[in-house]
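Take a look at the structure below.
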There are 2 protein chains.
Amino acid sequence: MADTKGARTSARLTESMLDLIQRHGYSGTGLNTVVQHAGAPKGSLYFHFPDGKEALGEKAVELAAAQLAALAAEVTPGAATPGAAVRRFIEALAGILVESDYELGCPVSVVTLEMGGQSERLRTACANAFASWIDPLAAHLVAHGRSAPAAHATATAVVSLIEGAVIVSRAQRSTQPLDYAAQAVGILVDGTP
Amino acid sequence: MADTKGARTSARLTESMLDLIQRHGYSGTGLNTVVQHAGAPKGSLYFHFPDGKEALGEKAVELAAAQLAALAAEVTPGAATPGAAVRRFIEALAGILVESDYELGCPVSVVTLEMGGQSERLRTACANAFASWIDPLAAHLVAHGRSAPAAHATATAVVSLIEGAVIVSRAQRSTQPLDYAAQAVGILVDGTP
DNA sequence: GTCTATACGACGATAGAC
DNA sequence: GTCTATCGTCGTATAGAC
C-alpha cells in the first residue's frame, strides 16, 4: 500500500494547493503553508513534485478544471434548455461563494493573471482549463442546433461572463453580479430574457 | 517646488505599482521592485505611503479605475449605439493586450482574487473600481431608454463579461475571447447580434 | 524628504541521514 | 519515502543620520 499512501499524500498536497490558491493567490501561497494545510510531511513535497511549486500549481489548475466539470455534470442534467443548465451551474457557484463567505475565487483566473506572463507551463495549464469548460458547452450548443462557429463564440463568451461575474461578486460580497450573469446567459444562449 | 517633486515621486510609485501588479499580481510584486521600476529613492516609499504596501496597492487600484474611465471617455464618443461604444472600448483593450504581448491583465481583478479575503481596505477599493465602471454605463443605458434596474443588471453583466474575457484572452494569448465578448455585448446592450 | 543600513521573518529549494 | 536541518534570497518594515 505504499503507492496508495503516496498517491494520497500527493493528492492531498494538490487539493491544499488548490484551496489556498483560491484564497490567497499563487504567489501568496507558500509551500510551508501547503504542507501544513495538507497535514503532509514536509520532506515529501519535493519527492512527489520534483519540479517544485510550478508543478504543484499545474496539478492544482488541472484539478480545478476537473472539479468544475464534475460540478457541471452533477447539476445540469434535466435542464429544459442549455441556458437553463448554465443558470443552474451559476447558482451552484453562487452557493459555493456564499458558503465560503466570499473567500473562494477562481484559481484558474488568478494563476492566469499572476503567472501567465512568466510561466508558459502554468499559462498553458490555464488555457487548457478554460478550453475544458468551453468545448463541452460549445458541443452542447451544437447538439441544440447552433452552427459550430456560433456555438464556440457563445460558449467562450459565457465562460468569460461567469469568470468575470465571480470576481465582481467577490469584490462586492454579493451574488448579484452572478444573478445578472445568469439573466444575460438566458439571452445569449436561449435567445430569451 | 518641493511639494511638486514629492507628488511626482508618489505618482510614479503608484504608476509603477499598477504596472507591476498587472504583470505579476499583488503578492508577486515586491516593494523593492516598485521603487526600482519607479526610479524613486527607496527611503521615500514609507514617507509617501506610511501604511506601506496596502496603501500603495489601494492607490494603484484607484489609478486603474481612473485610467480605464479615461480610456472610455477617449474612445467611445461618436458611437452610434451604447453597444457600439462598448465594442470600441473592448477593441481598445484588445489593442493594449496585444501591444503588451499579453502581459497586462486587469489589476482590479487580480487584487480582488488575491487580497479580497484578507484586506477589507483593498476589497473595498476593488468594489469601488468596479462600481466606477458599472455606474456610468448603467446611466448611459438609462439615457437610451432602459429602466434603471435593467440598466444596472446589464451594465454589471457587461463589465463582468469584459473582465472575464481579458483573462481568457490572456490565457489563450489570443484576442478571440474579447472579440466574442464584443459580439455578445451587441446582443445584450443593443438587442441585435 | 531622502539616505543607508538593517532587523527579522518567510520564501523556494536542497542535502544527506535514515 | 520521509525526516531534519539549512542554504541563500527576498520580503516588508523600521531606525537614525543628514
Quiz item: Should we count NZ of B:Lys53 as having more than 12 external heavy atoms under 6.0 Å?
Solution: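 For B:Lys53, atom NZ is crowded (more than 12 foreign heavy atoms under 6.0 Å).
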Self-check item: Of the listed nucleotides C:dC11, D:dG11, D:dT2, the one nearest the side chain of A:Ser44
Solution: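 Closest nucleotide among those given: D:dT2.
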Quiz item: So, the side chain of B:Arg170 versus the backbone of A:Leu113: is there a donor-acceptor pair under 3.5 Å, distance only?
Solution: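 Side chain of B:Arg170 to backbone of A:Leu113: a pair is present.
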Quiz item: Which is true for B:Thr29 with a 4.0 Å heavy-atom rule: it touches a base, it touches only sugar-phosphate, or it touches nothing?
Solution: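 Sugar-phosphate contact only - B:Thr29 comes under 4.0 Å of backbone atoms but never of a base.
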What integer distance in Å separates [X]:[atom1] from [N]:[atom2]?
| X | N | atom1 | atom2 | result |
| --- | --- | --- | --- | --- |
| B:Met17 | D:dG11 | CE | C1' | 13 Å |
| B:Met115 | D:dT12 | CE | P | 11 Å |
| B:Lys42 | D:dT14 | NZ | C1' | 11 Å |
| B:Leu56 | D:dT12 | CG | P | 10 Å |
| B:Tyr46 | D:dG11 | OH | P | 12 Å |
| A:Phe47 | C:dT14 | CZ | P | 16 Å |
| A:Leu45 | D:dT2 | CG | P | 11 Å |
| A:Arg8 | D:dG1 | CZ | C1' | 15 Å |

Exercise. Using the closest heavy atom to pick a nucleotide of DNA chain C for each, name whichever of A:Gly43 or A:Leu31 lands nearer the 5' end.
Key: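 In this pair, the answer is A:Leu31.
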Quiz item: Should B:Asn32 be listed as having a side-chain N or O under 4.0 Å from OP1 or OP2 of D:dT12?
Solution: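 No, because none of the side-chain N or O atoms of B:Asn32 sits under 4.0 Å from OP1 or OP2 of D:dT12.
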Quiz item: Can you check whether A:Val86 reaches A:Ile90 side chain to side chain, under 4.5 Å on heavy atoms?
Solution: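 Yes; the side chains approach each other to less than 4.5 Å.
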Quiz item: Can you check whether A:Phe130 reaches A:Ser160 side chain to side chain, under 4.5 Å on heavy atoms?
Solution: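 Result no, sub-4.5 Å side-chain heavy-atom pair not found.
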